[in-house]
Amino acid sequence: MSPNIPRAASIDDPISPVGDPLLAGVGPGAWADRADVPDLTVHGKAKIVPLRVDPGFFVEPRDPDPRGYEVVGLDGAVAGTVAEIWVDRSEPQVRYLEVLVTATGKLVLLPITFARVRPDQRRVHVKSITGAQFAGVPATRAFDQVTLLEEDRIVAYYSAGHLYATPGRSGDLLA
């Protein structure tokens with residue numbers, strides 16, 4: 001976590017991020033230092049996994065399958081392509097889309113709650129960060145599971161984007 005400084009002299013004034021505001025860990029980008037281990041099912045298996053790991057899960061044929069769709073940031077720039085879908089084995093639902101970031105070639109997770117899947121455009125729109133900012137999304141250590149700490153940091157990154165992704169999103173509302 002980066003050191004952060006208060007914007008004003010009073011103890012109850014807001015804290016301004018130092019360095020990359022999406023990784024600073026303050027405001028909407030704060031996270032808890034949870035255990036750096038995967039959440040487990042009652043059977044002791046990783047709870048959140050990509051479809052490639054558990055063939056018992058699949059996309060219902062009548063639903064859109066976003067794999068192969070372009071992922072577009074708030075600025076309209078293409079960040080990459082959806083490579084895989086990650087599901088929650090305990091509560092059968094999609095939790096993340098795995099994005100292959102064009103600029104870096106790395107795979108990052110996009111929480112489904114930050115994604116708007118547009119089958120008519122074969123695109124996934126994300127309004128929290130720009131296309132270029134996908135390169136900074138915290139990655140997972142393993143290709144087939146995500147830890148509790150990694151989840152918090154990933155979600156915090158996208159959350160921070162709502163306030164810090166562009167200069168116009170932060171600052172005083174009244175002049």
In this structure, CZ of Arg62 is separated from CD of Glu60 (nearest 0.5 Å) by 4.0 Å
Heavy-atom neighbours of Lys106 NZ exceed 12 at 6.0 Å:
yes
Any non-hydrogen side-chain atom of Val37 less than 4.5 Å from a side-chain atom of Leu149?
no
Flag side-chain contact, heavy atom, 4.5 Å: Ile85 against Asp65: yes
On a heavy-atom basis, the closest approach of Leu148 and Ala35 is CB-O, 3.3 Å
Review point. After noting the C-alpha distance and the side-chain angles of Lys45 and Asp54, does the key distance pass the salt bridge (Lys or Arg N to Asp or Glu O under 4.0 Å) rule?
Key: CA-CA 11 Å; Lys45 294 182 175 184; Asp54 194 334; 5.9 Å; no
Flag the pair Phe114 / Tyr157 as yes when at least one side-chain heavy-atom distance between them is below 4.5 Å, and no otherwise.
no
Carboxylate-amine/guanidinium contact Arg52 Asp144, below 4.0 Å
no
* Does the pair Arg118 and His125 meet the rule for a side chain to side chain contact (heavy atoms under 4.5 Å, CB included), with working shown? -> CA-CA 7 Å; Arg118 297 292 309 265; His125 293 268; 3.4 Å; yes
Closest non-hydrogen atoms of Ala165 and Leu22, given as atom of the first, atom of the second and distance, are N-CD2, 4.3 Å
Open item on the list: If hydrophobic clusters are built from ILVMFWY residues whose side chains come within less than 4.5 Å, do Leu74 and Val126 share one?
Closed with: no
* Asked: Do Leu23 and Pro138 touch side chain to side chain, with heavy atoms closer than 4.5 Å?
  -> yes
query: Which is it for Thr102 and Phe134 under the side chain to side chain contact (heavy atoms under 4.5 Å, CB included) test, yes or no, and what are the steps along the way?
result: CA-CA 9 Å; Thr102 305; Phe134 272 86; over 6 Å; no
- Message: Is the shortest side-chain heavy-atom distance between Lys47 and Gln145 below 4.5 Å?
- Response: no
Legend entry - Expected output: side-chain Asp75 to main-chain Gly131 donor-acceptor under 3.5 Å: yes
Heavy-atom nearest pair, Gly29 first then Ala160, reads CA-CB, 3.6 Å
Output for pair (Ile48 CD1, Ser90 OG), nearest 0.5 Å, gives 8.5 Å
Do the side chains of Pro66 and Leu97 get nearer than 4.5 Å, heavy atoms only?
yes
Practice task
Any chance you could lay out the side chain to side chain contact (heavy atoms under 4.5 Å, CB included) test for Val71 and Val78, step after step, and finish with the verdict?
Solution key: CA-CA 6 Å; Val71 178; Val78 175; over 6 Å; no
Less than 4.5 Å apart, any side-chain heavy atom of His162 and any of Ser128? yes
* Asked: Under 3.5 Å, is there a donor-acceptor pair linking the side chains of Tyr69 and Gln121?
  -> no
Are side-chain heavy atoms of Val87 and Tyr96 found at a separation under 4.5 Å? no
Taking Arg169 for the side chain and Gly161 for the main chain, is one N or O donor matched with an acceptor at less than 3.5 Å?
yes
In terms of heavy-atom contacts, Asp88 and Phe57 come closest through O-CE2, 4.3 Å
State yes or no: do Val155 and Leu107 share one hydrophobic cluster built from I, L, V, M, F, W and Y residues joined by side-chain heavy-atom distances below 4.5 Å, directly or via other members?
no
Is there a donor-acceptor pair closer than 3.5 Å between any side-chain N or O of Glu150 and the backbone N or O of Thr147? yes
Look at the side chain of Gln133 and the backbone N and O of Thr130, then say whether any donor-acceptor pair between them is shorter than 3.5 Å. yes
Assess whether a salt bridge exists between Glu84 and Arg67, defined as any Lys/Arg side-chain N lying under 4.0 Å from an Asp/Glu carboxylate O.
yes
**Asked** Given the rule in the side chain to side chain contact (heavy atoms under 4.5 Å, CB included) test, do Thr140 and Ile154 qualify, once you have shown the distances and angles that lead to the verdict?
**Response** CA-CA 9 Å; Thr140 60; Ile154 290 164; 4.2 Å; yes
Charged tip of Arg95 within 45° of Trp86 ring normal and under 6.0 Å
no
Same cluster (ILVMFWY, side-chain, under 4.5 Å), Leu100 and Leu109 | no
*asked:* Using the rule that Ile, Leu, Val, Met, Phe, Trp and Tyr join whenever any side-chain heavy atoms are under 4.5 Å apart, tell me whether Val59 and Val99 fall into a single cluster.
replied: yes
Between Ala46 and Thr41, the two heavy atoms sitting closest are O-CG2, 4.1 Å
Q) What about Leu51 and Val82, same hydrophobic cluster or not, with Ile/Leu/Val/Met/Phe/Trp/Tyr joined at side-chain heavy-atom distances under 4.5 Å? A) yes
